[in-house]
Amino acid sequence: MLADLRMPGALEALDAILRDVDGGALTAADAIEQLLTAQIQLRNNRRLQAAMRSSRLPAGKQLHDFDFTFQPSLRREQIDRLVHHCHLVTIRGNSYRMRQHTELWQTLHAAHDDAPAARRRLPRQDVATS
């Protein structure tokens, strides 16, 4: 049935999952979930591979494959230090640009809602000149 439904990922994982079900390690619901997960993973991997092929990007390069003699301004030691001592920082919340955009949007809509139909303008901001 999995072959008729064109689910090769689930079909490949079926034997291992049935072994776990027979051994009592998996319930029927867990087995179905694992079958569907295997199918989704296969589909996502195929989609990614197709996108990479169609993008025509060069094959993935590693740092040890980079030709530092071609670009003498880059020093291998500096790049190694950056790569091996870097930390990823996750920043939560809006950036200053997003905050400005939100404030502007709110100002525009507040002025639009408060102004009569004939006068839908924002108040001018005084600019100090030297």
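Along the sequence shown, the residues carry numbers beginning at 1. Note that the structure is a prediction, hence the values are computed from the model and not measured.
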Worksheet entry | Point-to-point distance, once rounded to the nearest 0.5 Å, from NE2 of His101 to CG of Leu104 | 7.5 Å

Worksheet entry | Aromatic ring proximity His109/Trp105, centre distance under 6.0 Å | yes

Discussion item. For Arg6, give me all partners under side-chain contact (heavy atoms from CB on, under 4.5 Å), at least two apart in sequence or on another chain.
Written reply: none

Worksheet item: Less than 4.5 Å apart, any side-chain heavy atom of Arg46 and any of Leu42?
Response: yes

Fill in: Interatomic spacing from CE in Met7 to CD in Glu12 - rounded to 0.5 Å
12.0 Å

Report, one line per pair, each donor and acceptor closer than 3.5 Å where one atom sits in a side chain of residues 25-40; sequence neighbours left out.
residue: Thr27; atom: OG1; partner: Asp30; partner atom: N; Å: 3.2
residue: Thr27; atom: OG1; partner: Asp30; partner atom: OD2; Å: 3.1
residue: Thr37; atom: OG1; partner: Glu33; partner atom: O; Å: 2.7
residue: Gln39; atom: OE1; partner: Gly9; partner atom: N; Å: 2.9
residue: Gln39; atom: OE1; partner: Ala10; partner atom: N; Å: 3.3

Discussion item. Hydrophobic cluster membership, with links at side-chain heavy-atom distances under 4.5 Å among I/L/V/M/F/W/Y: are Leu5 and Ile17 in one?
Written reply: yes

Practice prompt. State, with a plain yes or no, whether a side-chain heavy atom of Pro8 is found less than 4.5 Å away from one of Arg43.
Written response: no

